[in-house]
Amino acid sequence: GEQCRAAPRALHRPARRLVSHPRRAIGLLLRRAVPPALKAQVGKRFKARVRALLGIEPWPDLAVRHPLFRTREYRMLRSAAREFDIEKPSKPVLERGHQASYVVAKWFVEGGVRSAFHVGFANGRYLFYLQKLGIPCGGVDLPTEDTRWADIPPGALDDATMRRLVRRDFLALTEADVRPLWGPGATVDVLFSEATVETMLPWRSQGASVPRYLALSADERRALLEHGLPDALARMKDWARNMAFIEPEPAAGDSGAVFAACAARLADFQYSIWAFRPPLDQLFRLSPRYPTRQTVYAFTRDTGLLGALAPYAERMR
């Protein structure tokens with residue numbers, strides 16, 4: 001596929017420091033010099049911003065300002081989603097995941113999606129926003145022994161959604177595993193992911209981020225991506241009317257080649273690549289330490305889904 005215009009030229013070099021080493025040293029000295037009583041009076045978000053400015057750590061919250069997030073609907077949903085917030089003694093609650101979940105849910109609603117299946121459901125936040133906007137949904141994630149990321153807050157999802165969750169490696173999933181989730185003969189409108197395949201891709205210097213993939217050699221992970229993923233999508237093509245993968249941009253870790261191989265197995269789908277429009281391109285960053293952004297790799301049968309994506313993203317290919 002065509003490379004993203006914003007793609008970095010060297011993805012495997014060490015991440016750029018946000019500030020110089022002397023500035024970071026000064027920041028650490030200041031941090032130690034501030035009395036604990038004064039620190040206690042300062043808000044978490046302010047302290048996190050100061051630490052980022054002083055080079056002590058990057059500012060991790062990739063949230064953005066956008067009219068979408070000033071609507072009454074979003075404010076109500078965000079308030080209802082507080083069970084997904086992780087409170088830490090010195091860290092602010094991160095907004096990025098809520099904003100990203102809402103963008104995808106709005107896109108699907110506006111595209112006429114009637115059912116969705118999340119590959120890599122993690123803590124279920126995407127499913128929460130989808131079900132709140134009226135889209136029946138389910139998902140798949142790795143078995144408990146392979147990931148610590150798939151813990152859904154108790155009571156966050158309704159019973160129907162919980163019954164549509166599968167704990168299995170997506171690369172081993174079959175149509176027979178998913179068809180019963182919606183009933184005999186049923187199909188799903190959209191199968192989608194967000195930062196799921198990236199756990200296998202070498203888009204950053206450390207490589208894979210899931211223990212089971214870290215245990216594999218680079219050649220074994222490449223085989224999973226070049227053959228295992230296209231095979232998995234081919235098995236789902238009669239069950240899923242559309243597929244959308246929000247994953248690292250084409251130049252990052254050979255993502256473009258990976259999804260081009262998938263497209264070759266999905267000849268009856270229209271294949272397209274989309275880059276999120278500013279400022280949402282900042283929202284769909286993978287890490288505050290790396291410049292890598294995510295793009296949408298879309299395999300569609302329904303043109304309405306792409307029409308609904310256009311306000312949020314620009315077609316690259």
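Counting begins at 1 with the first residue of the sequence. All of these numbers come straight from a predicted model, not from anything done at the bench.
A salt bridge does not link Glu145 to Arg212: none of the charged side-chain nitrogens sits closer than 4.0 Å to a carboxylate oxygen. At a threshold of 4.0 Å, the pair Arg96-Asp61 does not count as salt-bridged, since none of the basic side-chain nitrogens sits closer than that to a carboxylate oxygen. We find that Asp268 and Lys237 are not joined by a salt bridge, their nearest charged nitrogen and carboxylate oxygen being 4.0 Å or further apart.
Side-chain N or O atoms of Glu249 include none that pairs as donor or acceptor with a backbone N or O of Gln294 at under 3.5 Å. Here the side chain of Glu247 pairs no donor or acceptor atom with the backbone of Val296 at under 3.5 angstrom. Here the side chain of Thr199 pairs a donor or acceptor atom with the backbone of Thr196 at under 3.5 angstrom. The backbone N or O of Asp189 sits less than 3.5 Å from a side-chain atom of Ser115, completing a donor-acceptor pair. Remark: side-chain polar atoms of Glu175 are not paired, donor with acceptor, to backbone N or O of Trp239 under 3.5 angstrom. Arg168 places a side-chain N or O within donor-acceptor distance of the main-chain N or O of Ala172, the cut-off being under 3.5 Å.
Residues Met200 and Ser209 fail the side-chain proximity criterion, which asks for heavy atoms closer than 4.5 Å. Counting heavy atoms from C-beta outward, Arg265 and Cys262 have side chains that stay 4.5 Å or more apart. Leu133 is listed as a side-chain neighbour of Leu77, based on a closest heavy-atom distance under 4.5 Å. The shortest distance between side-chain heavy atoms of Thr292 and Ser287 does not fall below 4.5 Å. Put simply, the side chain of Leu305 reaches to within 4.5 Å of the side chain of Val113, judged on heavy atoms. Between Gln270 and Arg301, every side-chain heavy-atom pair lies at or beyond the 4.5 Å cut-off. Annotation: side chain of Arg78 is in contact with side chain of Glu95 (closest heavy-atom distance under 4.5 Å). Considering only heavy atoms from C-beta on, Leu157 comes within 4.5 Å of Phe128 through its side chain.
Among residue pairs with one or both ends in residues 242-264, those qualifying as ring-ring contact (aromatic ring centres under 6.0 Å, His included) are Phe245-Phe259, Phe259-Tyr297; sequence neighbours excluded.
In this structure, Trp274 has its ring center at least 6.0 angstrom away from the ring center of Tyr312.
In this structure, CZ in Arg164 is found 10.0 Å from CG in Leu127, a value given to the nearest 0.5 Å. To the nearest 0.5 Å, atom CZ of residue Arg114 and atom SG of residue Cys137 are 15.0 Å apart. Atom-to-atom distance recorded for Thr161:OG1 and Gln131:CD is 4.0 Å, nearest 0.5 angstrom. Taken to the nearest 0.5 Å, the CG atom of Leu286 stands 7.5 Å off from the CD atom of Glu194. The CZ atom of Arg235 lies 7.5 Å from the CG atom of Leu173; values are rounded to the nearest 0.5 Å. For the atom pair CG (Asn242) and CG (Asp302), the distance works out to 4.0 Å, reported to the nearest 0.5 Å.
What you find for Met316 and Thr295 is that their closest heavy atoms are SD-CG2, 4.0 Å. Closest approach of Glu87 and Val93 over heavy atoms only: OE2-CG2, 3.6 Å. The two atoms that bring Ser255 and Leu201 nearest to each other are OG-CD1, 3.2 Å, heavy atoms only. Looking at every heavy atom in both residues, Phe269 comes nearest to Arg241 through CE2-O, 3.2 Å. The two residues Glu226 and Pro230 have their closest heavy-atom pair at O-CG, 3.3 Å. Taking every heavy atom of both residues into account, Leu306 and Ala298 meet most closely at CD2-CB, 4.0 Å.
Each of Phe299, Trp107, Phe108, Phe117 was scored for a ring pair (Phe, Tyr, Trp, His ring centres under 6.0 Å) with Phe192, with one residue passing: Phe108. Considering Lys47, Lys44, Glu57 in turn, Glu57 is the only one that fulfils the side chain to side chain contact (heavy atoms under 4.5 Å, CB included) rule with Lys91.
Heavy-atom neighbours of Asp281 CG from other residues, nucleotides or ligands within 6.0 Å: above the threshold of 12.
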**Report entry** Tyr213 and Leu224: CA distance, side-chain angles, deciding distance, side chain to side chain contact (heavy atoms under 4.5 Å, CB included) verdict
**Finding:** CA-CA 10 Å; Tyr213 300 139; Leu224 284 179; 4.3 Å; yes
Requested in this report: Before giving the answer on side chain to side chain donor-acceptor pair (under 3.5 Å), spell out for Asp141 and His118 the whole-Å C-alpha distance, their side-chain angles and the decisive distance to 0.1 Å.
Outcome: CA-CA 9 Å; Asp141 212 322; His118 188 190; over 6 Å; no
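Using a 4.5 Å cut-off between side-chain heavy atoms of Ile, Leu, Val, Met, Phe, Trp and Tyr, with links allowed through other members, Val109 and Leu191 fall into different hydrophobic clusters.
For Tyr74, the ring-ring contact (aromatic ring centres under 6.0 Å, His included) partners are Phe69, Tyr102, not counting sequence neighbours.
Ring planes of Phe276 and Phe284: parallel class, angle under 30° (limits at 30 and 60°).
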